[in-house]
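Below is one structure; the comments refer to it alone.
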Amino acid sequence: MTNSISDLEHSEVILVTGSNTTEMHPVISSALKRAVRKRGAELILVDPRKIRLQRYASAWLRPKPGTDVAWINGLLHVILRDGLQNDTFIRDRTQGFEEMAELVKRYTPAHVEEITGIPAADIERAGRLYGRAKKASIVYAMGITQHTTGTDNVKSLANLAMLCGNIGIAGGGVNPLRGQNNVQGACDMGALPNVYSGYQQVGDAAVRERMALFWNVPQLPKVPGKTLTEITAGVLSGQVKAMYIVGENPMLSDPDLRHLKGALRNLHFLVVQDIFMTETAAMADVVLPAASFAEKDGTFTNTERRIQRVRKAIDPIGDCRADWSIIADLSTRLGFPMSYGSPEAIMDEIARVTPSYGGVSYRRIEGVGVQWPCPTPEHPGTPILHKESFTRGKGVFHAIDFEPPPEVPDAEYPLYLSTGRVLYHWHTGSMTRRSAGMSERVNRCEMEISAHDAAKLGLENGQEALVSSRRGQIAVTVTVSEKAVRGTVFIPFHFAEAAVNELTHGLRDPVAKIPGIKVCAVKVEPAPVSESR
Amino acid sequence: MKQVTLTINGKSVKTSPRSTILIAARSAGFRIPTLCYHPRLASVGSCRVCVVEIQGRGNLAASCVTPVADGMVVRTDSERVVAARRLVVELLLAGGEHNCSLCAASGDCELQNLAYELGIEKLDFPVEAPGYPRDTSNAMIERDLNKCVLCGRCVRACNEVQVNEVIDIGYRGARAKIVTAFDRNYGDSDCVFCGECVSVCPTGALREKAARFKGRPWEFQKTRTTCVYCGTGCQLDVNVRDGRVVKVTSDFRHGPPNYGSLCAKGRFAYDFIHHPDRLTTPLIKEDDEFREATWDEAMDLVVLGLSAIRNQEGPDAIGVLASARCTNEENYLLQKFTRACLGTNNIDHCARL
Ligand code: SF4
Ligand code: SF4
Ligand code: SF4
């Protein structure tokens, strides 16, 4: 997030898209709802599903899946046409405006209606609402990024924020909500193929030399590594022979599961470190038992870049060990000694080698944490990014044309499938499905479908159905829901017995390499009676 | 802003004109007990436990909603005030089923504390509990409205703080009761089990079900930490007794990002920690079956396997997957290990999902 969670309560207008906030980020959704109910903020909701937040929205736009660039361009068009843009901000802080303005001329509300199915009048209204606000915030989540055009979607939202000068101000900003507790931190720490901690490029010789010096090694590998998809491909082609997987269950979370299962089988050696025997761990040669979050010290960095303490509440269960201590031990045994007395000592090293974490120490973050960048111990942290300037000087507008999603419904697979999460489960469900409270609420894979589509397909509430795509088939329970929009079914991905990622495709955004798992085409049919329970 | 001066229990107190008598008195070191007041919620002044006497006014005033005024003369502990408070608390005790010895809230109950503070030894009224059935409709929240004092804190928490708009005060007069839509049990209502109502309930009316009989409040050791689920990073307190996590709570005084609010996952999905499925020992696969192993055995095998492939095929034949669930320290170490020890940049995680 460029801004802070509490900052949302100071926005006049909040545009939420691709985020079922009340289920995926419930506590943040409360801030949104308070902004509406208590401070009279106006909520623009862009989501095909009739999610709970709809009750709080002043404007609700229901685009066809995969048409985000088009409606965002539509808003840009309306704002420019009505002269609601912030000329000072555009002049002083940005570049590339003309090209973008030229491109969006074509995106008249009427044209956008054709592509997205959103009535032109609603585009007009939303554009004016956002454009007229003195401070407006944009909130989005995986519903925006998990598309083959995810990067374009994000850039388009940035266009919108910059156009109205909603960057670097309280109550403004572009605010992605991270789905997992420490995605932000894992990226910050360089658990990525091309960067060290603090996004320092592996490909930069000066950086590499400095890191080699810090880490006391003669040299470090020059070429950026493989992404998860590339690793998977590498395994299949025989280039990658061994994997060490720590705390992840890609067997359930990754699109195009079959592909991955085959790849993991192809490995000569697989080590998995986790707290449960996950689908992925079951394929390992060696499984190392890790401690849970309650059994260790450390830090997580939340979606607003706040670095906060994790504190040990109980001793590790059985023979479990904290991941950091297993990694250090393994490294030492492999001839590269790591001797840290505690996670605190590791953080001290992180602060030394990571400019944006330079001022971080456990003492410093004991109370309310600190939001990076925090380069020095005296630095107050950064609740709002890009206040005076962007990291790279000027903010760049991007002229982005709409491209249809790679797979759209056709005669054989006539429905859109959209995937996501539900309130009571999290990610691959390895923790929440073992919780009595959560599984009491939801314990089977329910497919949301509109009453219209259900009737057409002869499906009834609670019935078993088979869902298939070009890649696979799963069985789900039908939930006829008023949340669902005609033509699209929704299936959460927490359930191993109905792994929706058997259906999704592995096609990825060319830049962010995020798979486009939000949209694909499927067909749904009643399950044969013998299969239903 | 210009400060106002008032006299509380004979002491001259300077405060902001926007202050209430309660805040002014408390910051001047005077104790005024409260019940329906909660610092995270709007004050309503309905329970009348916080009453004080203001010179020149006939009625006792609820201090939590009465603004200060220049020259005001206030008594917080006059006989009349104490008698009024006693009456309120006695009526509450008589109107419910307050069997402290079996109540999960005992030791952490504002009603119990009030009774003690006011020295209520026996009630002048017959006890007439409403006899509501206990709501055990779900695994997370147990609701016993026989212990409810109708302070309305849960209602304000659900509506003002979480804005879930699930509960309200229903019926009228003596039959007043906290209700969900159609007066259903929590389990059959629109409740999303955020537990905000439980966290503000001053009595045993709303409690964490799984924590019942798992220990007394004073036996719990609280460790503040960060939630392991979504990216909000809520601050929470893991409550432990005898090495076991018994419940999760939070505290609005922890401040950002959540100011004491949690969701169902953060508050109630902690039982995976002690789940029997937890891996507790290293495992080695032999003939397609796992067998238990010691750490030394397992680590030796990992070292052997990884170094063999590194030596024969080169470091880029190894891929490492880090985790968004692990700490910063662990992710940092893992990439350092991958790059400096294994000698490859093949590290990624599932963050893209
Ligand atoms: S648990 Fe949350 S949603 Fe349910 S009644 Fe309590 S405050 Fe409302
Ligand atoms: S349930 Fe608890 S919080 Fe709600 S009104 Fe009753 S005593 Fe107050
Ligand atoms: S308590 Fe809920 S909202 Fe808060 S971090 Fe945990 S999962 Fe997210």
Side-chain angles (χ1 to χ4, degrees), chain A residues 5 26-27 30 33 178 180 182-183 185-186 189-191 193 215 217 221 225-228 231 240-245 247-248 253 269 271 285 287 289 293-294 298-300 302-303 308 310-311 313 318-319 323-324 327 331 333 336 343 346 350 368 426 431-432 434-438 440 514, chain B residues 139-140 162-163 223 225-226 228-233 238 240 243 255 257-258 261 263 268-269 271-273 275 278-281 283 285 298 301-303 305 309 313 317-333 335 337 339-341 345-346 348-353:
Chain A
I5 294 166
V27 168
S30 295
K33 293 184 284 186
R178 304 296 200 148
Q180 298 181 64
N182 202 30
V183 175
M189 290 301 104
W215 287 346
V217 282
K226 293 182 169 65
T227 62
L228 171 57
I231 292 175
V240 175
K241 306 261 193 245
M243 278 186 82
Y244 176 29
I245 300 181
E248 275 296 353
S253 62
F269 191 59
V271 184
D285 297 288
V287 178
F293 84 114
T299 56
F300 291 152
N302 81 347
T303 192
Q308 309 189 100
V310 173
R311 295 182 188 83
D319 266 350
D323 290 290
W324 64 269
I327 297 162
S331 185
R333 288 173 193 247
F336 182 72
I346 305 174
I350 294 170
V368 291
W426 186 80
M431 296 186 284
T432 46
R434 289 185 174 86
S435 157
M438 301 308 113
E440 171 196 270
I514 300 177
Chain B
M140 290 168 273
Q162 289 270 357
V163 202
T223 305
T225 189
T226 303
V228 77
Y229 291 111
C230 85
T232 309
V238 174
V240 173
N258 54 313
S261 291
C263 78
F268 294 113
D271 35 350
F272 75 89
I273 296 169
H275 197 281
R278 276 287 299 274
L279 295 168
T280 52
T281 167
L283 300 170
K285 198 178 268 168
L301 194 61
V302 175
V303 168
I309 285 167
E313 314 273 338
I318 304 175
V320 175
L321 212 49
S323 170
R325 213 176 53 207
C326 288
T327 62
N328 287 326
E329 290 76 1
E330 290 161 348
N331 277 291
Y332 171 82
L333 271 204
Q335 60 98 29
F337 163 76
R339 297 184 154 118
C341 176
N345 283 316
N346 288 346
D348 201 0
H349 62 118
C350 295
R352 300 191 165 91
L353 299 172

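The model shown is predicted, which means the values in this text are computed figures rather than measured ones.
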Rounded to the nearest 0.5 Å, what's the gap from [atom1] on [X] to [atom2] on [Y]? Could you check?
| X | Y | atom1 | atom2 | value |
| --- | --- | --- | --- | --- |
| B/E329 | A/I346 | CD | CD1 | 6.0 Å |
| A/T227 | B/H349 | OG1 | NE2 | 11.0 Å |
| B/N328 | A/N182 | CG | CG | 4.5 Å |
| B/H275 | A/R434 | NE2 | CZ | 6.0 Å |
| A/E440 | B/F268 | CD | CZ | 11.0 Å |

Do you know which of [options] has the most heavy-atom pairs under 4.5 Å to chain A?
| options | value |
| --- | --- |
| B/G255, B/S261, B/A317 | B/A317 |
| B/L301, B/I273, B/V228 | B/V228 |
| B/A269, B/C326, B/S323 | B/S323 |
| B/D271, B/N258, B/V320, B/I318 | B/D271 |
| B/T281, B/T223, B/L279, B/N331 | B/L279 |

So, for [X] and [Y], which heavy atoms are closest and what is the spacing to 0.1 Å?
| X | Y | result |
| --- | --- | --- |
| B/G305 | A/F269 | CA-CE2, 3.6 Å |
| A/S331 | B/F337 | CB-CD1, 3.5 Å |
| A/W426 | B/C230 | NE1-N, 3.7 Å |
| B/N346 | A/I231 | O-CD1, 4.2 Å |
| A/P221 | B/R339 | CD-O, 3.5 Å |

Can you tell me which portion of [X] sits under 4.5 Å from chain A's heavy atoms? Options are side chain, backbone, both or neither.
| X | result |
| --- | --- |
| B/Q162 | both |
| B/I309 | side chain |
| B/V303 | both |

Partner chain B: residue of [options] with the largest heavy-atom pair count (under 4.5 Å):
| options | value |
| --- | --- |
| A/I327, A/T299, A/D319 | A/T299 |
| A/S435, A/S30, A/P289 | A/P289 |
| A/P26, A/A313, A/G318 | A/A313 |
| A/A191, A/G247, A/G298, A/G225 | A/A191 |
| A/V217, A/D285, A/I5 | A/D285 |
| A/T303, A/V271, A/V27, A/V368 | A/V27 |

Under the 3.5 angstrom rule, does the side chain of [X] hit a backbone N or O of [Y] as a donor-acceptor pair?
| X | Y | answer |
| --- | --- | --- |
| A/Q180 | B/G231 | no |
| B/D348 | A/K226 | no |
| A/N302 | B/T232 | yes |

Sequence neighbours excluded, the answer for ring-ring contact (aromatic ring centres under 6.0 Å, His included) partners of A/F293 is none
Run the side-chain contact (heavy atoms from CB on, under 4.5 Å) test on A/M431 and B/R325 for me, step by step, so that the C-alpha distance in whole Å, both residues' side-chain angles and the decisive distance to 0.1 Å come before the verdict.
CA-CA 11 Å; A/M431 296 186 284; B/R325 213 176 53 207; 3.4 Å; yes
side-chain contact (heavy atoms from CB on, under 4.5 Å) between B/T327 and A/F300, intermediate numbers included:
CA-CA 5 Å; B/T327 62; A/F300 291 152; 3.9 Å; yes
